[in-house]
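Report on one structure; see the data block that follows.
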Amino acid sequence: MPFLLYVAVFLLLPVGVLAVEAFRAVDPVTFEESWSTANLGAIAEGAYARSYAGSLRLSAITAVLGAVLGLALAFAVATSRRGRLLRRLVLTASGVLANFGGIPLAFAFIATIGTQGVVTAVLTGPLGLDGFSLYSMTGLALVYLYFLVPLMVLTIVPAIEALRPQWREAAEVLGASRWQYWRHVGGPVLAPPVLGATVLLFASAFAAYATARALVGSSVPLVTLQIADSLSSNVIVGAENLGKALALGMVVLVGLVMVFYTWVQRRASRWLA
């Protein structure tokens, strides 16, 4: 009962409020409220549609890069000869870094490789990085990878360690090469958890707000930043309902992503249980 009450108050109730308020329209002249689908139609065009496209593009790029880099690091840790000590150190560091975000993370990058960062002079000039800007989509993607790669490591290391040595031994006895083992055994078994972890990275990047707000402000079109501007009524009267419609769209997208993640995890549990 306490858990169900928590879910109802902090999850279902806010979603219900968004679902209702997204269909409310306010006349900017008479301030009269009415029921309308205008808000849902407005978020599908113009600046709002660009903000969705920007968030989806940023989330997809960082999720794929984070998955590749995190998978490589996880394999290095799982197959290391140093065993438990290295695994414990990497997983502990990943647990800390995966939860280090928001304004502190943005400030750390600004102080390090920002316009006046302490290592900016080293990164530019001789290395040919004069065109790089931290306050752009590329710079924001770099910052996101700081917490997405550790999150991938935390998620995928248990799946890698769950690959049974007997499967490799059986493949070798039957004359399979290393490539054939990964092509027909290891790869298909590991594909669902890798895909699920990538989806989790996508959802995490898609919902991030504080880091982007502190780093790029409104210069990069992101739906989370657009929601903040709308809810603060910086545009027009009644724009807060547009923000709620944008938030409802985010809830629907993240919900679909998490449904897919749950389905993938169920398939992975058949072999990695």
Please round to the nearest 0.5 Å and tell me the distance separating atom [atom1] of [X] and atom [atom2] of [Y].
X: Y48; Y: N39; atom1: OH; atom2: CG; answer: 9.0 Å
X: S219; Y: L225; atom1: OG; atom2: CG; answer: 8.5 Å
X: N241; Y: L18; atom1: CG; atom2: CG; answer: 10.5 Å
X: M152; Y: T198; atom1: CE; atom2: OG1; answer: 4.5 Å
X: L190; Y: F75; atom1: CG; atom2: CZ; answer: 5.0 Å
X: L201; Y: Y261; atom1: CG; atom2: OH; answer: 9.5 Å

Assign the ring pair F206 / F202 to parallel, tilted or perpendicular, where the plane angle (0 to 90°) is split at 30° and 60°.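 Plane angle under 30°, so parallel.
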
Taking the side chain from [X] and the backbone from [Y], do they hold a donor-acceptor pair closer than 3.5 Å?
X: T224; Y: Y209; result: no
X: S177; Y: Q180; result: yes
X: Y144; Y: A63; result: no
X: T112; Y: F109; result: no
X: S55; Y: V223; result: yes
X: T262; Y: M258; result: yes

Taking every non-hydrogen atom, the tightest pair across [X] and [Y]:
X: A245; Y: L40; result: CB-CD2, 4.0 Å
X: A106; Y: A214; result: CB-CB, 3.8 Å
X: A22; Y: L248; result: CB-CD2, 3.9 Å
X: A74; Y: V157; result: CB-CG2, 3.6 Å
X: Y52; Y: L246; result: OH-O, 2.7 Å
X: P14; Y: V9; result: CD-O, 3.3 Å

Are the side chains of [X] and [Y] in touch, meaning some heavy atoms are under 4.5 Å apart?
X: T138; Y: S133; result: no
X: I110; Y: Y135; result: yes
X: R24; Y: K244; result: no
X: T79; Y: I160; result: no
X: L142; Y: I113; result: yes
X: V20; Y: W35; result: yes
X: L215; Y: V143; result: yes
X: M250; Y: I227; result: yes

Is it true that [X] and [Y] fall in one hydrophobic cluster, defined by side-chain heavy atoms closer than 4.5 Å?
X: L195; Y: W263; value: yes
X: L4; Y: L12; value: yes
X: L154; Y: V77; value: yes
X: V64; Y: L58; value: no
X: M137; Y: F147; value: yes

Going by side-chain hydrogen bond (donor to acceptor under 3.5 Å, both in side chains), name the residues that satisfy it together with E169, two or more places apart in sequence or in a different chain.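 Per chain and number, E169 pairs via side-chain hydrogen bond (donor to acceptor under 3.5 Å, both in side chains) with no residue.
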
Among residues at least two apart in sequence or on other chains, which ones pass side-chain hydrogen bond (donor to acceptor under 3.5 Å, both in side chains) with E172?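 In terms of side-chain hydrogen bond (donor to acceptor under 3.5 Å, both in side chains), with neighbours along the sequence ignored, E172 is linked to no residue.
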
Whether over 12 other heavy atoms sit under 6.0 Å from F107 CZ: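 Result for CZ/F107: open.
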
